[in-house]
Undergrad: 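Just dropping this structure here.
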Amino acid sequence: VQLQASGGGLVQAGGSLRLSCAASGPSYSRYATGWFRQAPGKERELVGRISRSGDITYDLDSVKGRFTISRDNAKKTVYLQMNSLKPEDTAVYYCAAKSTILSVGAPSAPSEYPYWGQGTLVTVSS
């Protein structure tokens with residue numbers, strides 16, 4: 001599967017963006033997806049993930065209540081809705097996918113995801 005992340009841009013603090021991760025291929029329903037981000041000079045971190053069945057885990061306390069992950073299997077797309085953005089959310093955001101046998105759960109480690117999108121830059125100005 002190939003992933004295409006889009007939707008990044010420049011936004012003022014308090015604003016919103018919706019990132020999309022569009023997958024190629026005949027079906028995306030058997031893939032779990034993770035959203036990661038990497039700020040300049042920092043390590044890549046897991047923002048959150050969604051399983052095949054739609055179970056969602058937000059791994060960063062700082063995004064809970066502000067970010068929402070969803071998926072539309074018919075469109076083969078996973079979304080990251082980001083509200084109340086802060087300057088510290090500035091990063092390149094990546095989506096990653098893994099085909100999973102189980103319908104619940106999604107991997108947490110970057111090394112567990114074999115497929116990655118190219119990244120989309122989110123810049124939040126103060």
Side-chain angles (χ1 to χ4, degrees):
V1 66
Q2 291 184 326
L3 304 177
Q4 179 74 35
S6 62
L10 174 63
V11 63
Q12 289 187 333
S16 298
L17 284 173
R18 188 177 78 159
L19 306 185
S20 299
C21 177
S24 64
S27 175
Y28 195 65
S29 60
R30 60 191 177 95
Y31 289 86
T33 304
W35 280 103
F36 295 81
R37 70 184 185 185
Q38 187 165 17
K42 296 187 178 181
E43 293 186 353
R44 188 171 299 189
E45 58 184 359
L46 177 62
V47 175
R49 47 208 156 104
I50 185 167
S51 71
R52 288 178 51 178
S53 61
D55 297 325
I56 300 168
T57 301
Y58 298 99
D59 293 272
L60 286 179
D61 287 340
S62 62
V63 308
K64 292 178 181 178
R66 299 190 297 123
F67 289 13
T68 303
I69 297 173
S70 62
R71 66 185 298 155
D72 185 334
N73 287 336
K75 294 183 178 180
K76 297 184 289 183
T77 301
V78 174
Y79 303 98
L80 178 64
Q81 177 68 45
M82 306 185 295
N83 298 327
S84 302
L85 282 162
K86 304 175 181 180
E88 50 265 42
D89 294 318
T90 294
V92 178
Y93 284 73
Y94 300 89
C95 58
K98 177 182 180 179
S99 176
T100 58
I101 296 175
L102 298 178
S103 63
V104 296
S108 59
S111 60
E112 296 182 82
Y113 289 92
Y115 307 104
W116 287 80
Q118 83 287 4
T120 184
L121 176 62
V122 172
T123 303
V124 184
S125 63
S126 58

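Each residue takes its place number in the sequence, starting with 1. The analysis underlying the following values was restricted to heavy atoms, covering all of them including side chains, and did not include hydrogens, waters or symmetry mates.
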Undergrad: Can you tell me how far apart CD1 (Ile69) and OG1 (Thr33) are? Round to the nearest 0.5 Å.
TA: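 One finds 9.0 Å between CD1 of Ile69 and OG1 of Thr33.
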Undergrad: What pairs meet the ring-ring contact (aromatic ring centres under 6.0 Å, His included) rule with one or both residues in residues 6-28, with sequence neighbours excluded?
TA: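 Counting only pairs at least two positions apart or across chains, the ring-ring contact (aromatic ring centres under 6.0 Å, His included) contacts touching residues 6-28 are Tyr28-Tyr31.
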Undergrad: Considering residues at least two apart in sequence or located in another chain, which fulfil the side-chain contact (heavy atoms from CB on, under 4.5 Å) criterion with Ser70?
TA: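 Ser70 satisfies side-chain contact (heavy atoms from CB on, under 4.5 Å) with Tyr79 only.
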Undergrad: Start with the C-alpha distance between Leu19 and Tyr94, add both sets of side-chain angles, then the distance that settles side chain to side chain contact (heavy atoms under 4.5 Å, CB included), and finish with yes or no.
TA: CA-CA 10 Å; Leu19 306 185; Tyr94 300 89; over 6 Å; no
Undergrad: Ser24: what forms a side-chain contact (heavy atoms from CB on, under 4.5 Å) with it, not counting sequence neighbours?
TA: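 Checked Ser24 against side-chain contact (heavy atoms from CB on, under 4.5 Å); matches are Val1, Gln2.
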Undergrad: Shared ILVMFWY cluster between Val92 and Val47, side chains joined below 4.5 angstrom?
TA: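 They do not share one cluster, since no chain of ILVMFWY contacts under 4.5 Å joins Val92 to Val47.
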Undergrad: What are the two closest heavy atoms between Arg71 and Ala32, and how far apart are they?
TA: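 Shortest heavy-atom separation between Arg71 and Ala32 comes out as NH1-CA, 4.3 Å.
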Undergrad: Excluding sequence neighbours, so at least two apart, what forms side-chain contact (heavy atoms from CB on, under 4.5 Å) with Val104?
TA: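 Per chain and number, Val104 pairs via side-chain contact (heavy atoms from CB on, under 4.5 Å) with Ser53, Asp55.
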Undergrad: If you measure from OG on Ser16 to CZ on Arg66, what distance do you get to the nearest 0.5 Å?
TA: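 Spacing of OG (Ser16) from CZ (Arg66) equals 10.0 Å.
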Undergrad: Main chain of Asn83, side chain of Arg18: is a donor-acceptor contact present, judged purely on distance under 3.5 Å?
TA: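 Between the backbone of Asn83 and the side chain of Arg18 there is no qualifying donor-acceptor contact (under 3.5 Å).
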Undergrad: Quick one: which residue pairs count as a disulfide bond (SG atoms under 2.5 Å apart) with a foot in residues 18-57, not counting sequence neighbours?
TA: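 Checked against disulfide bond (SG atoms under 2.5 Å apart) - neighbours excluded - the pairs reaching residues 18-57 are Cys21-Cys95.
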Undergrad: To the closest 0.5 Å, what do you measure between OG (Ser99) and CZ (Arg52)?
TA: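 These two atoms lie 7.0 Å from each other.
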Undergrad: Return the set of residues passing side chain to side chain donor-acceptor pair (under 3.5 Å) with Ser29 (not counting sequence neighbours), or none when no residue passes.
TA: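 With neighbours one apart ignored, the set is Ser27.
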Undergrad: Scan for disulfide bond (SG atoms under 2.5 Å apart) pairs involving residues 63-92, sequence neighbours excluded, and state none if there are none.
TA: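 Passing the test, one end in residues 63-92: no pairs.
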Undergrad: Side chain to side chain donor-acceptor pair (under 3.5 Å): which pairs involve residues 56-65, sequence neighbours left out?
TA: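 For residues 56-65, and leaving out neighbouring residues, the side chain to side chain donor-acceptor pair (under 3.5 Å) pairs sorted by first residue read Arg49-Asp59, Asp61-Lys64.
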Undergrad: Would you name the heavy atoms of Leu10 and Ser125 that are closest together and state the gap between them?
TA: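 Looking at all heavy atoms of both residues, the shortest contact is CD1-CB, 4.3 Å.
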Undergrad: Side-chain heavy atoms nearer than 4.5 Å, only ILVMFWY residues, links allowed to pass through others: does that put Val124 and Phe36 together?
TA: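 They do not share one cluster, since no chain of ILVMFWY contacts under 4.5 Å joins Val124 to Phe36.
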Undergrad: With salt bridge (charged side-chain N to carboxylate O under 4.0 Å, His left out) as the rule and sequence neighbours excluded, what pairs involving residues 92-114 come up?
TA: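 Listed by first then second residue: nothing to list.
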Undergrad: Can you list, pair by pair, the side-chain donor-acceptor contacts under 3.5 Å of residues 37-46, counting residues two or more places apart and other chains?
TA:
{"residue": "Arg37", "atom": "NE", "partner": "Glu45", "partner atom": "OE2", "Å": "2.8"}
{"residue": "Arg37", "atom": "NH1", "partner": "Asp89", "partner atom": "OD1", "Å": "3.0"}
{"residue": "Arg37", "atom": "NH1", "partner": "Tyr93", "partner atom": "OH", "Å": "3.0"}
{"residue": "Arg37", "atom": "NH2", "partner": "Glu45", "partner atom": "OE2", "Å": "3.4"}
{"residue": "Gln38", "atom": "NE2", "partner": "Lys42", "partner atom": "O", "Å": "3.1"}

Undergrad: Compile the donor-acceptor pairs under 3.5 Å between side chains in residues 116-123 and protein atoms, sequence neighbours left out, one pair per line.
TA:
{"residue": "Trp116", "atom": "NE1", "partner": "Tyr113", "partner atom": "O", "Å": "2.9"}
{"residue": "Gln118", "atom": "OE1", "partner": "Ala5", "partner atom": "N", "Å": "3.2"}
{"residue": "Gln118", "atom": "NE2", "partner": "Ala5", "partner atom": "O", "Å": "2.7"}
{"residue": "Thr120", "atom": "OG1", "partner": "Gly8", "partner atom": "N", "Å": "3.0"}

Undergrad: By the rule that ILVMFWY residues connect when side-chain heavy atoms come within less than 4.5 angstrom, directly or transitively, which residues belong alongside Leu102?
TA: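 Via sub-4.5 Å side-chain contacts, Leu102 links to none.
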